[in-house]
*Asks:* 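One structure, pasted below without further comment.
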Amino acid sequence: MSDVMESEASNMHNVICDRDHMAQITSTQAVTLVDKQSTSMPMLQLLNPTGELLNEQYKNAWDKKIALKLFYAMHFTRILDERMVAAQRQGRISFYLACTGEEAAIVGATAGVEMRDMIMTQYREQGALVYRGFSATQFMNQMFSNALDPNKGRQMPIHYGDKELNFMTVSSPLGTQIPQAAGFAYGQKMAGQDAITLCFFGEGAASEGDFHAGLNMAAVLECPCIFLCRNNGYAISTPANEQFKGDGIASRGVGYGVHTIRVDGNDALAMYVATKEARRFSLKNNRPVLIEAMTYRLAAHSTSDDPSGYRSRDEEIVWREKDPIMRMHRYLQQVGWLDEKDLDGYISKTRSDLLAAVKYAENQSVAPLTEIVTDVYKDIEPHLQDQLNALRAHVENYPESYPNTAHPIASDNQTGGPK
Amino acid sequence: MSDVMESEASNMHNVICDRDHMAQITSTQAVTLVDKQSTSMPMLQLLNPTGELLNEQYKNAWDKKIALKLFYAMHFTRILDERMVAAQRQGRISFYLACTGEEAAIVGATAGVEMRDMIMTQYREQGALVYRGFSATQFMNQMFSNALDPNKGRQMPIHYGDKELNFMTVSSPLGTQIPQAAGFAYGQKMAGQDAITLCFFGEGAASEGDFHAGLNMAAVLECPCIFLCRNNGYAISTPANEQFKGDGIASRGVGYGVHTIRVDGNDALAMYVATKEARRFSLKNNRPVLIEAMTYRLAAHSTSDDPSGYRSRDEEIVWREKDPIMRMHRYLQQVGWLDEKDLDGYISKTRSDLLAAVKYAENQSVAPLTEIVTDVYKDIEPHLQDQLNALRAHVENYPESYPNTAHPIASDNQTGGPK
Amino acid sequence: MAQLNLLQAVNHALHTAMEADDSVMVMGEDVGHFGGVFRATSNLQKTFGKARCFNTPLVEQGIIGFANGLAAQGAKPIAEIQFADYIYPAFDQIVNETAKFRYRSGGQFTVGGLTIRTPYGGGIAGGHYHSQSPEAFFAHVPGIKVVIPRNPYQAKGLLLSSIRASDPVLFMEPKRLYRASVGEVPEMDYELPLGKADLVQNGSDITLVAWGAQVEILQEAAQKALSHGVSCEIIDLQSILPWDRETICQSVIKTGRCLINHEAPLTGGFASEIAAVVQSECFLHLEAPIARVCGLDTPYPLAHEKEYMPDALKTFEAIMQTVHF
Amino acid sequence: MAQLNLLQAVNHALHTAMEADDSVMVMGEDVGHFGGVFRATSNLQKTFGKARCFNTPLVEQGIIGFANGLAAQGAKPIAEIQFADYIYPAFDQIVNETAKFRYRSGGQFTVGGLTIRTPYGGGIAGGHYHSQSPEAFFAHVPGIKVVIPRNPYQAKGLLLSSIRASDPVLFMEPKRLYRASVGEVPEMDYELPLGKADLVQNGSDITLVAWGAQVEILQEAAQKALSHGVSCEIIDLQSILPWDRETICQSVIKTGRCLINHEAPLTGGFASEIAAVVQSECFLHLEAPIARVCGLDTPYPLAHEKEYMPDALKTFEAIMQTVHF
Ligand SMILES: Cc1ncc(C[n+]2csc(CCOP(=O)(O)OP(=O)(O)O)c2C)c(N)n1
Ligand SMILES: Cc1ncc(C[n+]2csc(CCOP(=O)(O)OP(=O)(O)O)c2C)c(N)n1
Ligand SMILES: [Mg+2]
Ligand SMILES: [Mg+2]
């Protein structure tokens, strides 16, 4: 070993300044084990559950337009979820994952950043896409795995991705996007962009090693990004108290030297204000911020799950009363910004748009067979070309066994579809 | 997906009690990003650098016997390090890794636990073995990779392991022992043992995902173990301020809900007292404790390293003055426990023991060829037996090319050796 | 005898092992009260208590790290990785720790009591991340054993052997078969040998080798080949590491031809190892090149899953090509 | 032309790439001011600044995770893993993320700019954890490329191609050769093609295949064989994934015999893939079984390193056995 690892320090001329890794540390002369009560992480709340503004100081922190945009996007998300859970029950799609109860956390945060900011998500953040203008048809093309899905039907439903909307394609392995967000933000900084990265994940995913890596690296390498943990109380069946013993996820931020804020995740305006401030701070100082959104997964984990196996109806009812859409509704009523008729119109139009989009998307063909080997590498490498050729010959030999690719359904419209 | 992951919750009759993952959380109505100054992690110090006891309350927290055992073990470790660094320079061993400057942290902590407690280390904790009675010869058998090494010469020098001394075999990949320590401690608890696990690692290794996993799991699964981080300012060339931005490693403990204490790692008695208290707390409550020992790696990272490439002499000098052995020496003088003549005798005896052990160990043969395939599995599986047979035939064919195994040096003494 | 599906057989084995030995413990994501996302660990917590069957935080590297420590202490942990696609965060703990624990300590310390269970494989519309078959990665790791059952009977017997083996075992369960059908499973405690292949069907023209859910693909293809006058011998490898070279090679020496089928991508898949050994051991007996019918060298796709899969038709074609070489 | 060792050639390539393209950044443990534990990144921080050549915290999964994100943003990160033995904590980020990034997004997002550099292999008394050759694990991962140079000239040219490739590349450096000898390396910027094998020596009796440090082992064995009248063709694979089937198979069709040598354990090593393809493509031309001379199926030992290694003597023996089959 010795020779290969040998130092060649002789060519280092620059002076190294003395370091003191203990410069900030005070001393004590008594043994005390410090426990978690030593930190305090209160939760920002601007609206109470009945929709009253709790701190007048913030009353101009948003305007009517943004409040309504937020509110409508939350509604769209709720309706989308209802529709798709039903579609899965009908066997029209194989899988779905709803964010019911968490719309405020997701949409509020998305409203707090800019369109040019990159968003990386876990999988329960369709509200972010809604806010950014992903259409009903775009949602359906992904979920029906058809040829118009930008992912070319390669991933399970809910693995959205849209380059134009700065929304990174979803990946199932949990936590992997967290260090990636730090790296992406570092790239934004190096490229001199006036943009940050907003990275969502669940409190379960925060147990992964990648969480630790991502937060620490973002702090050390001074990355302008926001880590947004949705603490919704469950990771599938595992309750938060079997996930961690500390004071939520927020209390970890401090340990990384990351500025941190805990927010009521069912309060869309608190989420909006906190995220906006986090973005300002992060971009100005090239520093990460951790936001913990306290919320609750009212939905089942996914359409494959039945929560009655691990939690009580009563518990769910408590949280149903804290519905974030209801809270925002009351607030908008109180400040006189709500046009109930317009809302009803929006809701029914959204329903019919979604219905039309489902019908459209389920009639599209799957991507052509070639796409099974494209995008593995930038070009189709020779061994993949060989595999494709063999596969194509085989499919042509047995067309009835591979109906989707042997007889592609002629698609009437390859780019558009209903809006 | 849907059918295979479908819930069959109908057979669950037991009532699930309601959970509230927000029960402990208070609220605020103003946006404040919490930064690391919010926590305070003072460092326990019982002796000042000139060896004076700073808090009389602790004067009976140790007795003469333990203080001297500690002190002598620190000396043994220092001498071992000097001797082996020299042996490596002479080309007698391929690699060595010294713990100079960190003896108090390691030996002090080891003295604070019981012999029946498991110790898992990183690689710089030979002091723990010394304290537990590993002999000069045992050290040398490992470092000369001979047949008497319990590892059978399979690992690089310094990868000690001794079942009898409850000292887990060292493994190079950093951080892997941290979740293992949690699991080992869980096993001790389940087996009803009156024992804990003490797990050492560096502040660099604490960046690994396994650190995050280990601390969180130990907290959640209530494991009686002590995590002891040696924060010695460097991970090879990487200074602590390029490793993390938080307040050391201690401030992370709180985030996991792990009771935590920061200790002056150059104060052997503070380390002893803190570890003893941590053990008591941990065993009584089945809870992990995190200790951060603030110290400094006076040595090069290893014999393959030259620190002058990345840190200043002046910085080293500051720390040389905080030498833990010197501090303990002064304390022992002050309380009248030091017999200088006895110490001198111990030092010269240790030197000659080590020298004799080197001579002994370097003359032992390597393990017989069969050992190349044993211990991969409990029994030698057929494919490995075939590979061994082929290898043996080959070695017999070319004895001059494989001198170590073709002509094993007759070993005069297969079990003993000088003490 | 009970009629059980593969999932129930696994659950039976776990109950049996925990009943027989207090040091057996089950751990993993959602394995506790809920009984696992596939319900393989149903009722274990209820029967044996929370200390012996427990949820872990969501961290695979921690699950295996913790289980390594627990096994080193002397317990017999059975750690579940929810999907084989999520085993990679634990790769270091498995490759550098589990597999080398005994060797590096000269036999002083071992994690031989460890069993890792994980559902693997496609056919459930799971896309990239709920379909992978990573057995080849682990086949290249001396120090662990890799075992895959193909039906409920095998599942119970092989899982019990794996739990009780003195070596760490990665036990991979073909999730496509979890509820696909039921089979006879003895109520009693029984073990099937590790490291041994299972002769599923006798034949004379070609030896077909697979494991897990692909064995039934071979059976289907063999049926079709039979109607074309080709007699196939079918072998279920069962143990991927160490594997039963003797049984395979003896069969190929008899038939003169060999085909291996697996779902994982072709390049670097375990079929390559079998082919490399068979061509070497049976060189003078081979009448045609050894065929590999495997997944494509792409991530596991969703919409094109049918096209990606090494199905019975592709296998049949390759059989005919090999026989008529 | 300069006389450089392999380490210097790597360092040259890094300087060249960073000079030519501002978006190239170097990151990893100790790569900054210190220049890496092997000094491969010497003077990069001094020349290009701390923002473009930086130390990371000690967390391999983070290094690759961060680099994946950075590459997705459009930069060209070169991430160093200090030893290939420590790449496993990053296995998930490589296998599930790096390799599938482009495919899963339908080409919308890619980490094609990423290069991972890591020293691998034995022969330096490094024991289990400073000697491993994990290329076979990565050869089973569609979506990445795996490249290994055998000398300073190859190192510079292949590394430059890897950095500039539109696909993520794992670039493995044979550390035993880092300072072993020097060779001629052009001062200029040049690239060598990925996916192509290199014919090292013409011969007629047997084709010998290896990569990295083992190529010189083949040369030594071939020398010895020549004195016994056996003429060996030697091919350096250079790219492990995708690999140059054509060059290998053409050679074997000519020589009728094939031997593959690698340091990694035999079972599931990359030699098995080559053997599987060669037996299939060259079936009618093979005059003897394809031989594999590889590491034992054990962890990499220290005291028995010499015995473990697939050295020139073992290779020579296998050549003679194959030729006299
Ligand atoms: C690495 C990895 N392990 C396990 C899973 C399986 N899995 C999918 S979602 C989930 C729970 C996630 O919980 P959380 O992060 O709290 O997010 P939530 O579902 O509550 O939004 C698990 C275990 C996975 N996708 N990836
Ligand atoms: C997983 C892994 N990555 C990298 C290394 C190489 N390495 C060996 S020691 C070391 C630095 C460790 O620093 P620290 O944990 O602070 O311990 P110290 O050496 O200061 O005692 C590194 C990077 C390793 N052994 N394992
Ligand atoms: Mg959750
Ligand atoms: Mg350190």
*Asks:* Report which part of Phe211(B) has an atom under 4.5 Å of a heavy atom belonging to chain C: side chain, backbone, both, or neither.
*Replies:* neither
*Asks:* Among the options His159(B), His212(B), Met217(B), Lys152(B), pick out the one with the most heavy-atom pairs lying under 4.5 Å from chain C.
*Replies:* Met217(B)
*Asks:* Would you name the heavy atoms of Gly62(C) and Ala213(B) that are closest together and state the gap between them?
*Replies:* CA-CB, 3.5 Å
*Asks:* What part of Ala181(B) gets within 4.5 angstrom of chain C, counting heavy atoms only: side chain, backbone, both, or neither?
*Replies:* neither
*Asks:* Can you tell me if CD on Gln385(B) sees more than 12 non-hydrogen neighbours from other groups inside 6.0 Å?
*Replies:* yes
*Asks:* Using a 4.5 angstrom heavy-atom cutoff, name the option from Asp162(B), Asn216(B), Asp149(B) with the most pairs to chain C.
*Replies:* Asp162(B)
*Asks:* When only pairs under 4.5 Å are counted, which of Pro168(C), Gly143(C), Gly195(C) shares the most heavy-atom pairs with chain B?
*Replies:* Gly143(C)
*Asks:* Tell me, for Ala67(C) versus chain B, whether the close heavy atoms (under 4.5 Å) come from the side chain, the backbone, both or neither.
*Replies:* neither
*Asks:* Between Val170(B), Thr169(B), Thr197(B), Ile178(B), which has the largest tally of heavy atom pairs under 4.5 Å with chain C?
*Replies:* Thr169(B)
*Asks:* Does any backbone or side-chain atom of Ile372(B) lie under 4.5 Å from a heavy atom of chain C? Answer side chain, backbone, both or neither.
*Replies:* both
*Asks:* Specify which of Gln193(B), Met120(B), Arg154(B) makes the most heavy-atom pairs with chain C at under 4.5 Å.
*Replies:* Arg154(B)
*Asks:* Can you list the steps and then say if Asp386(B) with Arg245(C) is a side chain to side chain contact (heavy atoms under 4.5 Å, CB included)?
*Replies:* CA-CA 12 Å; Asp386(B) 290 353; Arg245(C) 296 169 299 166; 2.9 Å; yes
*Asks:* Which heavy-atom pair separates Asn55(C) from Leu221(B) by the least distance, and what is that distance?
*Replies:* O-CD2, 3.8 Å
*Asks:* Between chain B and each of Val59(C), Ile63(C), Val111(C), Ile144(C), count heavy-atom pairs under 4.5 Å; write down the option with the most.
*Replies:* Ile144(C)
*Asks:* Kindly give the heavy-atom pair with the smallest separation between Asp167(C) and Glu381(B), and that separation in Å.
*Replies:* OD2-OE2, 4.3 Å
*Asks:* So what's closer than 4.5 Å to chain C heavy atoms on Asn166(B): side chain, backbone, both or neither?
*Replies:* neither
*Asks:* Quick one: are Pro382(B) and Glu246(C) in side-chain contact, heavy atoms under 4.5 Å?
*Replies:* no
*Asks:* Atom CD in Glu164(B), atom CD in Gln108(C): separation rounded to 0.5 Å?
*Replies:* 9.0 Å
*Asks:* With side chain to side chain contact (heavy atoms under 4.5 Å, CB included) as the criterion, how do Arg102(C) and Lys378(B) come out once you've worked through the C-alpha distance, each side chain's angles and the decisive distance to 0.1 Å?
*Replies:* CA-CA 8 Å; Arg102(C) 193 197 304 264; Lys378(B) 176 150 184 294; 3.7 Å; yes
*Asks:* Looking only at heavy atoms, which two atoms of Ala191(B) and Gln73(C) are closest? And how far apart?
*Replies:* CB-NE2, 4.0 Å
*Asks:* Look up atom CG in Asn68(C) and atom OG1 in Thr176(B), then write down how far apart they are to the nearest 0.5 Å.
*Replies:* 8.5 Å
*Asks:* For the candidates Asp379(B), Leu384(B), Val376(B), Val220(B), which exhibits the highest count of non-hydrogen atom pairs separated by less than 4.5 Å from chain C?
*Replies:* Val376(B)
*Asks:* Look up atom OG1 in Thr98(C) and atom CD in Gln180(B), then write down how far apart they are to the nearest 0.5 Å.
*Replies:* 7.5 Å
*Asks:* Once you round to the nearest 0.5 Å, how far does CZ of Arg104(C) lie from CG of Asn151(B)?
*Replies:* 9.5 Å
*Asks:* Using non-hydrogen atoms and a 4.5 Å limit, figure out which bit of Thr374(B) sits close to chain C: side chain, backbone, both or neither.
*Replies:* backbone
*Asks:* Should Met190(B) and Arg52(C) be marked as a side chain to side chain contact (heavy atoms under 4.5 Å, CB included) after you check the CA-CA gap, both sets of side-chain angles, and the distance that decides it?
*Replies:* CA-CA 9 Å; Met190(B) 291 298 287; Arg52(C) 287 185 60 204; 3.6 Å; yes
*Asks:* Of all heavy-atom pairs between Gly106(C) and Asp375(B), which one has the smallest distance, and what is that distance?
*Replies:* C-OD2, 3.4 Å
*Asks:* Chain C heavy atoms under 4.5 Å from Glu222(B): which part of the residue, side chain, backbone, both or neither?
*Replies:* neither
*Asks:* Could you walk me through whether Tyr186(B) and Phe54(C) pass ring-ring contact (aromatic ring centres under 6.0 Å, His included), step by step?
*Replies:* CA-CA 12 Å; Tyr186(B) 191 87; Phe54(C) 51 93; 4.8 Å; yes
*Asks:* Report the C-alpha separation of Gln93(C) and Asp210(B) in whole Å, then their side-chain angles, then the decisive distance to 0.1 Å, and conclude whether the side chain to side chain contact (heavy atoms under 4.5 Å, CB included) test is met.
*Replies:* CA-CA 9 Å; Gln93(C) 281 286 350; Asp210(B) 274 2; 2.8 Å; yes
*Asks:* Check whether Ala75(C) gets within reach of chain B through its side chain, its backbone, both or neither, counting any heavy atom under 4.5 Å.
*Replies:* neither
*Asks:* Give me the atom names and distance for the closest heavy-atom approach of Met118(B) to Phe109(C).
*Replies:* CE-CE2, 4.0 Å
*Asks:* Distance from Met168(B) atom CE to Ser105(C) atom OG, nearest 0.5 Å?
*Replies:* 8.0 Å
*Asks:* Within this structure, what is the CD-NZ distance for the pair Gln155(B) and Lys100(C), rounded to the nearest 0.5 Å?
*Replies:* 10.5 Å
